[in-house]
Amino acid sequence: MTFETFDMPERLGTARLNLVQWRDNHAEELAVLLTDASAMRYMGGACPPQKVWRWMAVMAGQWTLRGCGLYAVEHDGVLVGQAGLFHPLNWPELELAYAVLPAHQGRGYATEAAGAIRDAAAARGRRRLVSFIDPDNHPSLRVAEKLGATREGDFDLHGVPVIAHRHAMSIHH
Amino acid sequence: MSHPALTMPRTISTPRLTLSQVGRDDTADLMALYSDRDTARFLGGPFGEAEAFEVVAFLCGHWRLRGNGFYAARTANGALAGVVGLLTPPLWPDMELTYTLSPASRGKGYATEAVRAVGVAAFDAGAPRLVSYIDPHNAPSKALARRVGARHAATILLRGLPVCVFRYAPAAFTAKENAA
């Protein structure tokens, strides 16, 4: 079988953040996000604590299968979120996805991380990236706006109504 | 529960098989394996396509998080005999030696050969203990564990369900016989 692959660097740095590969000891901090029903209400709901490590392994494994994936986003050595290129097998295309831990929201981390990922992808020849955002997820919609994405329209993502935001893939931002 | 760091070799050779760290090129074969109703019965399957892809991602990601994990065991002509390896999620009391055999490969002793090789490599790499957590109804799996020298040590609850704990002793892996 064939599936899309796209090579991204294993690490990225921004002004304030380090985007790195997942490590065992990220699990405890990641659980703070994934088990939070409110924080996860636009991302498929809270994950039971015993499934957090498995999810981390799945995110890490996408890097092996596709050459790209979600990064662990760190600030001063502390996990503040997850962001990167997300592509389960039944996704229509590679998605630029981002989520910040509740305690670290409101500091522009999502915009900073997602922008760097988009630019790194563009520099490597990527011409198409989309973000699928719940219509009620206003903070995420604002991030997409700040990134200069264009609202492309409504989309049914396996029964979940979302809005597709098309990113501008120029290396000049 | 934190497991000790254990770095395993990326490839292991046995008389009839090559065991290689699972990777991108194994995806099609692994998805076929985990979509098979019989095979996936005790693994929470059978899995649809997208779920099976996610299982393959998990198998690859385990290596990235732990430095050890699952091998694709292939015969000399490249056919997948099965998936054998170490499973060490935080919830597991001990490091688990797990094995999933391709339907076409059953009855040839490949599983015994592969499981023994991974067990030896794990103890050589410093594994303090090695077990298999086997569904009480999975008779073939228990038989295989016994053939490789494991003993039924206990029955515990894992993720809320009873499993038989088969414990491997390093000495049991030095047995010379290769027959199933």
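Every chain is numbered from 1, with letters handed out A, B, ... down the list of sequences. For the numbers below, each heavy atom of this structure counts, side chains included, while hydrogens, waters and symmetry mates do not.
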Is [Y] close to [X] at the side-chain level, that is, under 4.5 Å between some pair of heavy atoms?
X: A:Ser140; Y: A:Tyr98; answer: yes
X: B:Tyr71; Y: B:Pro9; answer: yes
X: B:Glu113; Y: B:Pro15; answer: yes
X: B:Asn68; Y: B:His62; answer: yes
X: B:Phe166; Y: B:Val131; answer: no

### Message
Regarding A:Glu93 and A:Arg166, does a basic nitrogen lie under 4.0 Å from an acidic carboxylate oxygen?
### Response
yes
**Message:** Less than 4.0 angstrom from a charged side-chain N to a carboxylate O is my criterion; do A:Asp136 and A:Arg41 meet it?
**Reply:**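 Not counted as a salt bridge, because no side-chain N and carboxylate O are separated by less than 4.0 Å.
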Looking only at B:Ala50, B:Ala52, B:Cys60, B:Ala57, the option with the highest number of non-hydrogen pairs under 4.5 Å against chain A is B:Ala57
Can you hop from [X] to [Y] via hydrophobic side chains spaced under 4.5 Å?
X: A:Met40; Y: A:Val162; answer: yes
X: A:Phe155; Y: A:Val160; answer: yes
X: B:Leu6; Y: B:Trp92; answer: yes

Establish, yes or no, whether the cationic atom of A:Arg54 lies under 6.0 Å from the six-membered ring centre of B:Phe58 and within 45° of the ring axis.
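Cation-pi check for A:Arg54 and B:Phe58: passes.
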Sorted by number, residues from [range] in contact with chain B (heavy atoms, under 4.5 Å):
range: residues 1-25 of chain A; result: A:Met1, A:Phe3, A:Thr5, A:Asp7, A:Glu10, A:Gln21, A:Trp22, A:Arg23, A:Asp24
range: residues 58-76 of chain A; result: A:Val58, A:Ala60, A:Gly61, A:Gln62, A:Trp63, A:Thr64, A:Leu65, A:Arg66, A:Gly67
range: residues 77-86 of chain A; result: none

Residues at least two apart in sequence or cross-chain that pass ring-ring contact (aromatic ring centres under 6.0 Å, His included) with B:Tyr34, listed by chain then number, are none
Original post:
Around B:Lys142, counting heavy atoms of other residues, nucleotides and ligands shown, do more than 12 lie under 6.0 Å from its NZ?
Top reply: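 Check passes, neighbour count above 12.
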